[in-house]
K.L.:
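Starting off with a structure, shown below.
To find a chain, count down the sequence lines: A is the first, B the second, and so on, and within it residues start at 1.
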Amino acid sequence: MPSDNFYQKVYEVARKIPYGRVTSYGAIAKAIGAAKSARMVGYAMNGAAAMQDVPAHRVVNRNGLLTGKHHFSGTHLMQQLLESEGVMVEDDKVQNFKTSFWDPMCDC
DNA sequence: TCCGTGACAGTGT
DNA sequence: AACACTGCCACGG
């Protein structure tokens, strides 16, 4: 249904996230044209987590904090995945977030 | 149909 | 600089 369009857009953007990179919910929301619906992005990610095509673990809040790690199977699964990709994570927080950050709109 | 909830973000104090 | 409050919109009950 049309409502899936929103999710579809979120998934589409999230799927574009390069390996070893991370982005914020707000950035994705803005990319899909729903800058004011950053929360919805996270909500959509809930379903995205079940999708292998959508690396939801690469999506964090604007603070670089792994707020959604609690929704993953393991407590540190999200962190483990990020570290596995070369993203330095400490205390559920992405280090060098500024450098590891990837802007979906600036898909350079 | 109405109310509550939530993986955020921005602004105010 | 840190904490608190509000706005936002989709989904479930």
K.L.:
Side-chain N or O of A:Ser37 versus OP1/OP2 of B:dC8: is the shortest distance under 4.0 Å?
P.N.:
no

K.L.:
Starting at CZ of A:Arg39 and ending at P of C:dC9, how long is that distance when rounded to a whole Å?
P.N.:
12 Å

K.L.:
Please write out each protein N/O paired with an N/O of nucleotides 9-12 of chain B under 3.5 Å, distance rounded to 0.1 Å.
P.N.:
| residue | atom | partner | partner atom | Å |
| --- | --- | --- | --- | --- |
| B:dA9 | OP1 | A:Gly26 | N | 3.2 |
| B:dA9 | OP1 | A:Arg62 | N | 3.1 |
| B:dA9 | OP2 | A:Arg62 | N | 2.6 |

K.L.:
Heavy atoms only: give me the nearest A:Val59-A:Ser24 pair and the separation to one decimal.
P.N.:
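Answer, listing the atom of A:Val59 first, then A:Ser24: CG1-C, 4.4 Å.
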
K.L.:
Less than 4.5 Å apart, side chain to side chain, heavy atoms only: is that true for A:Lys93 and A:Gln95?
P.N.:
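Heavy-atom side-chain distance check passes, below 4.5 Å.
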
K.L.:
Over all heavy atoms of both residues, which pair between A:Phe101 and A:Ala27 is shortest? Give the atoms and the distance, please.
P.N.:
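The pair with the smallest heavy-atom distance is CZ-CB, 3.9 Å.
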
K.L.:
What is the distance, rounded to the nearest whole Å, between atom CG of A:Asn5 and atom P of C:dC11?
P.N.:
11 Å

K.L.:
Between B:dA7 atom C1' and A:His71 atom NE2, what is the distance in whole Å?
P.N.:
5 Å

K.L.:
If we only count heavy atoms from C-beta on, is the A:Thr23 to A:Arg58 side-chain gap below 4.5 Å?
P.N.:
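Side-chain contact under 4.5 Å: no.
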
K.L.:
Name every residue in residues 73-86 of chain A that has at least one heavy atom under 4.0 Å from any atom of DNA chain B, in order of residue number, or write none if there are no such residues.
P.N.:
none

K.L.:
A:Met45 CE to B:dG6 P: how many Å, rounded?
P.N.:
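A:Met45 atom CE is separated from B:dG6 atom P by 19 Å.
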
K.L.:
For a 4.5 angstrom cut-off between non-hydrogen side-chain atoms, does A:Lys9 reach A:Ile28?
P.N.:
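Result no, sub-4.5 Å side-chain heavy-atom pair not found.
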
K.L.:
If I take atom OH in residue A:Tyr43 and atom P in nucleotide C:dA10, what distance separates them, rounded to the nearest angstrom?
P.N.:
12 Å

K.L.:
Do A:His57 and A:Leu77 come within less than 4.5 Å of each other through their side chains, counting heavy atoms only?
P.N.:
no

K.L.:
Quick one: which of B:dA7, C:dC8, C:dC9 gets closest to the side chain of A:Met40?
P.N.:
C:dC9

K.L.:
Students often get this wrong, so: under 4.0 angstrom with heavy atoms, is A:Ala56 touching a base, only sugar-phosphate, or nothing?
P.N.:
base

K.L.:
Can you list the residues that meet the side-chain hydrogen bond (donor to acceptor under 3.5 Å, both in side chains) rule with A:Asn63, with sequence neighbours excluded?
P.N.:
none

K.L.:
If every non-hydrogen atom of A:Thr67 is compared with every non-hydrogen atom of A:Tyr25, which pair is closest and at what distance?
P.N.:
OG1-OH, 3.7 Å

K.L.:
May I have the distance from A:Ile32 (atom CD1) to B:dC8 (atom P), rounded to whole angstrom?
P.N.:
15 Å

K.L.:
With a non-hydrogen cut-off below 4.0 angstrom, is A:Ala49 in contact with a base, only sugar-phosphate, or nothing?
P.N.:
base

K.L.:
Rounding to a whole Å, what distance do you find between A:Phe6:CZ and C:dC8:P?
P.N.:
15 Å

K.L.:
Taking all non-hydrogen atoms of both residues, which atom of A:Leu65 and which atom of A:Val60 are closest, and how far apart?
P.N.:
O-CB, 3.5 Å

